[in-house]
2 protein chains.
Amino acid sequence: MLRISKLTDYSTVVMSYLAREPNKMHNARDIMAHTQLNLPTVSKILKMLHKAGLLRSQRGANGGYSLMLPPESISITQILAAMEGNVALTECSTHHSHCSIESICHIRTNWRSISRIVQESLSKITLADMLRP
Amino acid sequence: MLRISKLTDYSTVVMSYLAREPNKMHNARDIMAHTQLNLPTVSKILKMLHKAGLLRSQRGANGGYSLMLPPESISITQILAAMEGNVALTECSTHHSHCSIESICHIRTNWRSISRIVQESLSKITLADMLRP
DNA sequence: TTAATCAGGACTGCTATAGTACTAATTATA
DNA sequence: TATAATTAGTACTATAGCAGTCCTGATTAA
């Protein structure tokens, strides 16, 4: 039903928590306690967000994660992209797919524009917006 | 990656084909031939679209399907809804879900608004738009 | 040196999806 | 009226992707 995955959903929860104190380091255990997600999941999400460049990490004792950018500068699209790759409503919108009817399908470019429209409307929403109720 | 399902994708192909001759009846075999989808799949899609009220059907010999409304009056959202249910980016946006952190999650309403934004931008695109390259 | 913490994979079980098949109901037409 | 064509409805299976878990290694503050 045009869903984002649970992990992606959770990642916005994690990011929102970090955004409340953008300059403070938070370790996985701390985030777990405040989001009620379990540790392996939190840990997995943090690694993915870090790999995508949205978080800064510090190893070792007293280490942890913090936002790479201020909450106003991080869009929902970026979080989505970090967790799931680019927003593309159909397979053929991105790479050459294995869709069996690709050769005769005439609406591919239309789907591409539609994806772009969705992407643009999501990119206008930032993490800072998510903090407000 | 914020994808629609393949069946939904195919359903837009089927709908586009029907939209070219909105008043003519097309049977499943004919649609199969022109879309290069296989018969069981086409058949399944047509039944779903019919059940959702987007198609009119005629049983028996010389029967088939045709659009219930003119292409300008059918939006992408309607096709999406017919195939996958309502557009809702997160589980908690629709019904009370089994999300384990629902009780402490503060960003639920935000996701609900985001879903609405996506839904609105998709509802502006009609089947008639899909016919144009 | 030690304990705390992140990094990077590998693995498993579950669920949703795609695709298929079969039978019943309906109807135009010869 | 008989027949062939066609949709309606349901059930089944195999596959792929996702959520969740676990283990081992690397890094660093104290």
Side-chain angles (χ1 to χ4, degrees), chain A residues 1-11 13-14 18 24-33 35-66 68 80 82-85 88 90-91 97-101, chain B residues 1-11 13-14 18 24-33 35-66 68 80 82-85 88 90-91 97-101:
Chain A
M1 323 192 191
L2 198 57
R3 287 269 162 85
I4 60 175
S5 79
K6 267 194 177 181
L7 273 190
T8 306
D9 190 0
Y10 292 160
S11 74
V13 176
V14 170
L18 292 176
K24 197 176 154 193
M25 277 285 175
H26 291 276
N27 65 34
R29 205 167 293 274
D30 168 42
I31 296 170
M32 168 194 75
T35 58
Q36 303 223 5
L37 299 167
N38 49 31
L39 192 56
T41 303
V42 167
S43 182
K44 189 178 194 173
I45 290 170
L46 288 167
K47 284 174 202 168
M48 293 175 82
L49 292 170
H50 170 250
K51 203 171 178 184
L54 295 182
L55 297 180
R56 140 185 325 127
S57 76
Q58 172 71 40
R59 287 190 183 188
N62 297 326
Y65 295 91
S66 62
M68 192 67 109
L80 258 169
M83 301 297 292
E84 320 200 355
T90 60
E91 201 180 328
S97 64
H98 315 84
C99 176
S100 54
I101 62 166
Chain B
M1 325 189 188
L2 200 58
R3 288 267 164 84
I4 60 175
S5 79
K6 269 193 176 180
L7 273 191
T8 306
D9 190 1
Y10 292 160
S11 73
V13 175
V14 169
L18 291 177
K24 197 178 154 193
M25 277 284 174
H26 292 276
N27 65 33
R29 205 167 292 274
D30 168 42
I31 296 170
M32 168 194 77
T35 58
Q36 303 223 7
L37 299 166
N38 49 32
L39 192 54
T41 303
V42 167
S43 183
K44 189 178 194 172
I45 291 169
L46 289 169
K47 283 173 204 171
M48 294 176 81
L49 293 170
H50 170 250
K51 202 171 178 183
L54 296 180
L55 297 179
R56 143 185 322 128
S57 76
Q58 172 72 40
R59 288 190 180 186
N62 295 326
Y65 294 90
S66 63
M68 191 67 107
L80 259 168
M83 301 297 291
E84 321 199 353
T90 60
E91 202 180 328
S97 64
H98 315 84
C99 176
S100 53
I101 62 166

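This one's a predicted model, so the numbers in the text were calculated from it and none came from an experiment. In what follows, chains carry the letters A, B, and so on, assigned in the order in which the sequence lines appear, proteins first and then strands, with residues in each chain numbered from 1.
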Given [N], is OP1 or OP2 found less than 4.0 Å from the side-chain N or O atoms of [X]?
| X | N | result |
| --- | --- | --- |
| B:Q58 | C:dA28 | yes |
| A:T41 | D:dA19 | no |
| B:H50 | D:dT7 | no |
| B:S57 | D:dA8 | yes |
| B:N27 | D:dA5 | no |
| A:Y65 | C:dA7 | yes |

Provide, to the nearest angstrom, the distance between the [atom1] atom belonging to [X] and the [atom2] atom belonging to [N].
| X | N | atom1 | atom2 | answer |
| --- | --- | --- | --- | --- |
| A:E84 | D:dA16 | CD | C1' | 16 Å |
| A:K6 | D:dT21 | NZ | P | 11 Å |
| A:L46 | C:dA4 | CG | C1' | 16 Å |
| B:N62 | C:dT29 | CG | C1' | 8 Å |
| B:Y10 | C:dT17 | OH | C1' | 12 Å |
| B:I45 | C:dG19 | CD1 | C1' | 11 Å |
| A:R56 | C:dT5 | CZ | P | 19 Å |
| A:R29 | C:dC6 | CZ | P | 9 Å |

Which residue lies more 5' along DNA chain D, comparing A:N38 with A:R59 via nearest heavy atoms: A:N38
A:L2 and B:R3 have their tightest heavy-atom pair at CD1-O, 4.1 Å
Determine the minimum heavy-atom distance between A:H50 and A:S57, stating which atoms define it. NE2-OG, 3.3 Å
Side chain to side chain contact (heavy atoms under 4.5 Å, CB included), paired with A:M83, selected from A:I4, A:L54, A:T8: A:T8
What distance separates B:L55 CG from B:M25 CE, expressed to the nearest 0.5 Å? 9.5 Å
Between B:H26 and B:L18, is a side chain to side chain contact (heavy atoms under 4.5 Å, CB included) present by the stated rule, with each step listed? CA-CA 7 Å; B:H26 292 276; B:L18 291 177; 3.5 Å; yes
Looking at C:dT27, C:dA18, D:dT21, which one has an atom nearest to any side-chain atom of A:P40? D:dT21
For B:K51, report the nucleic acid contact type (base, sugar-phosphate, nothing); a contact means any heavy atom under 4.0 Å. nothing
